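Here is the structure we will look at.
Please read all numbers here as calculations on a predicted model, not as lab measurements.
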Amino acid sequence: MNPSLDTNDVLPQAQRFVGLRRFAANRLALVGALIIALLVLVAIFAPWLATHDPIFDQDYSNLLSGPDAAHWMGTDDLGRDIFSRMLYGARISLQAALIAVGLAFCIGVPIGIASGYFRGFWDEWMVMRLVDALQAFPSLILALALAAALGGGFYNAMVAVGIGFAPAFIRLARGQALSIRNLDYVMAARSVGAGHVRIMWRYILPNAMAPLVIQATFAMGSAIIAEAGLSYLGLGAKPEDPSWGSMLHIAQGYLNSNPTLALWPGIAIFMVVLGFNLLGDGIREVFDPKLYR
């Protein structure tokens with residue numbers, strides 16, 4: 001038996017076509033995809049869409065003003081244009097999602113697959129006990145502690161969030177490896193002399209990708225919330241950077257006099273996280289094997 005014949009990607013070709021049609025028929029998933037596409041476009045073209053410099057263009061004669069022709073969303077406590085800061089804030093949020101989830105994926109998936117494939121003492125008493133210890137803490141609390149230990153700053157905060165998210169990827173990848181390691185095509189690969197690394201890379205990882213992609217999609221929304229929370233507390237982006245979390249921190253002192261300062265970043269965080277959740281639900285529906293029986 002040639003094991004290469006059994007290494008379909010995640011779904012057979014016909015099932016992928018059905019899955020894409022099902023995704024296209026899911027209006028909520030399309031809304032989520034549209035929101036995320038808009039986020040990406042805004043992040044890329046922020047320098048061309050912004051009407052003012054988000055940090056250095058300060059109008060001290062026009063503090064905390066409402067929307068007008070010059071400032072479409074008004075100005076903050078230093079006279080900076082809120083619209084421009086919102087656009088650049090999309091860049092920070094997208095970077096936060098990609099860095100934190102990418103780091104968690106790169107740490108968690110190899111460890112989880114190796115742990116589930118080899119099993120034994122390494123799996124039961126080293127990896128899983130460490131995962132249990134890390135998951136005993138809420139991920140945001142763990143990120144707060146790690147960010148404080150690393151000294152704050154945007155990139156240190158995203159490393160902390162990524163480490164906090166890694167146990168979920170380890171556990172999910174391990175479960176997939178445990179369910180795949182004894183399937184026929186893996187046994188066939190062993191019988192023809194394929195090495196452990198080749199089996200994990202060529203046979204287990206591609207067939208474990210569906211739930212991992214779904215987990216990564218949902219984790220991106222959580223990473224944006226985590227970045228906003230850390231920036232709000234002063235452990236993420238620098239106070240002058242146009243992070244939606246730091247904008248909420250500034251708006252806290254003006255909720256009574258100018259509540260729109262908190263309205264714009266709050267709506268942005270809500271919509272982007274909603275977009276990732278809707279997109280994740282749509283992707284999960286595409287890869288759900290129960291739908292193809």
Show every donor-acceptor pair shorter than 3.5 Å between a side-chain atom in residues 141-167 and any protein atom, with sequence neighbours excluded, or say none if there are none.
residue	atom	partner	partner atom	Å
N156	ND2	L150	O	3.1
N156	ND2	G152	O	2.9

Atom pairs and distances, side-chain donor-acceptor, residues 96-119, under 3.5 Å, sequence neighbours left out:
residue	atom	partner	partner atom	Å
S115	OG	D123	OD1	2.4
Y117	OH	H196	ND1	2.9

Atom pairs and distances, side-chain donor-acceptor, residues 267-281, under 3.5 Å, sequence neighbours left out:
residue	atom	partner	partner atom	Å
N277	ND2	V273	O	3.4
D281	OD1	R284	NH2	2.5

Distance-only donor-acceptor pairs under 3.5 Å for side chains of residues 36-50, two or more places apart:
none

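Here W122 pairs with nothing under the ring pair (Phe, Tyr, Trp, His ring centres under 6.0 Å) rule; sequence neighbours left out. For L183, the side chain to side chain contact (heavy atoms under 4.5 Å, CB included) partners at least two apart in sequence or on another chain are I180, Y185. Judged as a side chain to side chain contact (heavy atoms under 4.5 Å, CB included), and not counting sequence neighbours, the contacts of D132 are R129, R171. Shown here are the ring pair (Phe, Tyr, Trp, His ring centres under 6.0 Å) partners of F218, two or more places apart in sequence or in another chain: there are none. Judged as a side chain to side chain contact (heavy atoms under 4.5 Å, CB included), and not counting sequence neighbours, the contacts of S65 are N62, D68, T75. In this structure, Y88 has no ring pair (Phe, Tyr, Trp, His ring centres under 6.0 Å) partners at least two apart in sequence or on a different chain.
Its side chain within the 4.5 Å cluster rule, I55 clusters with F56 among the Ile, Leu, Val, Met, Phe, Trp and Tyr residues.
Residue pairs satisfying the ring-ring contact (aromatic ring centres under 6.0 Å, His included) criterion with at least one member in residues 224-250, sequence neighbours excluded, are listed as follows: Y232-H249.
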